[in-house]
Amino acid sequence: METKRTLFYHKHIEQGARLVDFAGWEMPIQYPAGIVGEHLTTRKSAGLFDVSHMGRFSIRGANAAAFLDYALTGYAGGLETGSSHYTILAQPDGGAVDDAWLYRFDNDGFILVVNASNKDKDWKHLQGLVKSFSNVEMEDLCEKLAMLALQGPKSEDILKTLLTGGSLPAPKRNAASVAVLAGREVRIGRTGYTGEPVCFEMMMQAADAEYLWDMLIKNGASVVGLGARDTLRLEASLPLYGHEMGTDIDSKVIPILACPAAKLAVADIDKKKDFIGKAAIQRQLAALEHYKKGNFSNTSDLPRRIVSLRILDKGIVRQGAKIFSGGRDAGYVTSGTMVPCWKPDESMRPTEQTDQRAVALAYVDCKLAAGAEVEVDVRGRMLKAKIVRKNLKSAGIYAVAVFE
Amino acid sequence: MMVDKQARYLRTHEWVKKGPAKNMTIGLTAFAIEQLGDIVYIELPQVGKVLKKGDIFGIIESVKSASDMYSPVGGKVVEVNAVVPDNPDMLKTQAYGDAWLIRVEPSAPAEFDGLMDADAYEKFLQTEAH
């Protein structure tokens, strides 16, 4: 199969990108600054990411909200114009077809953004479901619209400089707006996949793509590739389909609510009628309630959960490494690497000094919670690790490393 | 400098040079370092470890991956460069110099002569790249 190129392909070459095949797309894994440098720049300044490989579907028509309420776990009917939310395409058994972000920029309809690696599967899945609904129009916007993410403490200043009309999405995360940047209309969500408190994802017409890229760079944005995109999301404990979602190492379905982030995607299910996966998700929610009270008498609906790890010993744990608790098999690492950070000062602002720490996400026994120490088998060497609530936290406009 | 004329090479991008004295010094080539990108972790053996030619003597990890490092010659590890794991950036500029990794007392010094020389390694890199 021929690899596809996004509208920013020539811009990546111009920036000296190292290109790789990712989900059928020729994408920048890193630029000359390197993964570590790009990660650090995003945390202190503003990182620009080409995310045009992700799937973008328009869903419009009188029954668009009703259709989305059935196909997704979120409450699309309650999504106000000028906002967005995290949502999941569930399976009847409570696993995930994919996770996605649903935007409502205008009264006209919705835009659903899905993972590049799942785009064709998602499209078919949704096409199969939409047949039962009248007055719903689905359109693949991938060719029509390009998509960029601008993430980091300086990203809002950059957009403000370029703003010539409309408004930026504000003040809260997940706000969405239609703005004019340097004379070009752009749909902007205050969203992202880096853990940055100041974050934007933008969709623009194909014809405006290169011009807007140049304007963003000219005004201080630094290019970031997929390598740092992965370390940034991992430091922020954000799940990635195929790792923390989908099926596990034994090809078993990972229940949606094994991911803490998924709670946001099912927050309003009581306001919805029937939807795919409802019964299974309700059982998973009930299990979580029991676990909260220390009741682990029935763990069949949610035997393992995704947790964040910090590695205490020297070394790096990677995907697939086995985890032991008290000598017993307790799960495995779903994503792991060494991530860089700026050392924070007492007021939680980044200093000029950098550091690095090995972190991971892991799929472990549901009884294990934050504070528990486990061991990870790295090529036969047992490394001590601690389950933590998070490895990164927001402090004002910064996302800073947690060293608890 | 992509290659060092004094060194001999493995296809897995380790180099070995004669010296100091009767020992041999082992490191990773500039090509390998460039390919790995940002190096975030290096694991080296203890002094005293006995290696056979081709044995794994350490691990080098970038953000994206972990790679084993193989010993081009057999012998006993007599010295380990403890500075490099704390300063992996050294590898980018001094791959054949101060950023050497281990020194061994070779068990069969003639193994050195059977390895790729700089010209052969350079040719090998050209075929790798295309």
Side-chain angles (χ1 to χ4, degrees), chain A residues 16-22 27-42 224-235 240 243 311 313-321 333 335-341 354-360 376-383, chain B residues 2 12-14 28 30-52 54-71 77 80-95 99 101-102 125 128-130:
Chain A
R18 188 184 290 182
L19 297 161
V20 294
D21 179 357
F22 179 82
M27 296 299 289
I29 183 83
Q30 64 175 80
Y31 299 91
I35 295 174
V36 169
E38 293 164 28
H39 182 120
L40 291 169
T41 300
T42 305
V224 183
L226 292 181
R229 182 168 156 85
D230 193 48
T231 57
L232 289 158
R233 73 95 194 166
L234 176 55
E235 189 183 25
L240 173 60
H243 293 250
I311 315 312
D313 284 332
K314 248 187 165 187
I316 301 174
V317 307
R318 297 194 187 264
Q319 189 188 353
V333 172
S335 304
T337 188
M338 186 75 91
V339 296
C341 66
T354 62
D355 201 348
Q356 61 176 11
R357 61 218 200 285
V359 300
V376 189
D377 183 346
V378 177
R379 301 177 290 262
R381 202 158 66 92
M382 288 295 185
L383 300 190
Chain B
M2 285 306 270
T12 45
H13 310 293
E14 293 82 3
L28 206 56
F31 175 83
I33 305 298
E34 191 192 292
Q35 290 296 306
L36 282 165
D38 293 310
I39 288 148
V40 290
Y41 181 71
I42 299 163
E43 205 175 288
L44 296 175
Q46 302 274 332
V47 168
K49 181 163 178 144
V50 176
L51 298 164
K52 288 198 296 289
D55 275 357
I56 293 168
F57 74 82
I59 287 143
I60 187 158
E61 303 201 31
S62 68
V63 173
K64 295 300 287 179
S65 65
S67 313
D68 292 329
M69 296 184 287
Y70 300 90
S71 188
V77 178
V80 170
N81 192 344
V83 183
V84 178
D86 292 329
N87 304 278
D89 275 351
M90 285 171 72
L91 287 161
K92 285 182 184 164
T93 50
Q94 300 162 78
L101 298 173
I102 59 168
L125 288 185
E128 275 277 276
H130 299 289

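For clarity, every value in this text was computed on a predicted model and none was experimentally measured.
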Checklist entry - Which residue out of B:S65, B:P85, B:G37 racks up the most heavy-atom pairs below 4.5 Å with chain A? => result B:S65

Checklist entry - Would you say the side-chain atoms of B:E43 pair up with the backbone N or O of A:G315, donor to acceptor, closer than 3.5 Å? => result no

Item to check | Contact class of A:R381 relative to chain B, heavy atoms under 4.5 angstrom | outcome: side chain

Checklist entry - So do the side chains of B:I59 and A:R379 get within less than 4.5 Å of each other, counting heavy atoms only? => result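 Yes, side chains in contact.
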
Next on the checklist: Is the shortest side-chain heavy-atom distance between A:T337 and B:K64 below 4.5 Å?
Outcome noted: no

I need the minimum non-hydrogen distance between [X] and [Y], along with the two atoms involved.
| X | Y | value |
| --- | --- | --- |
| A:R318 | B:V63 | NH1-O, 3.0 Å |
| B:Y41 | A:K314 | OH-O, 3.7 Å |
| B:D38 | A:I35 | OD2-N, 3.1 Å |

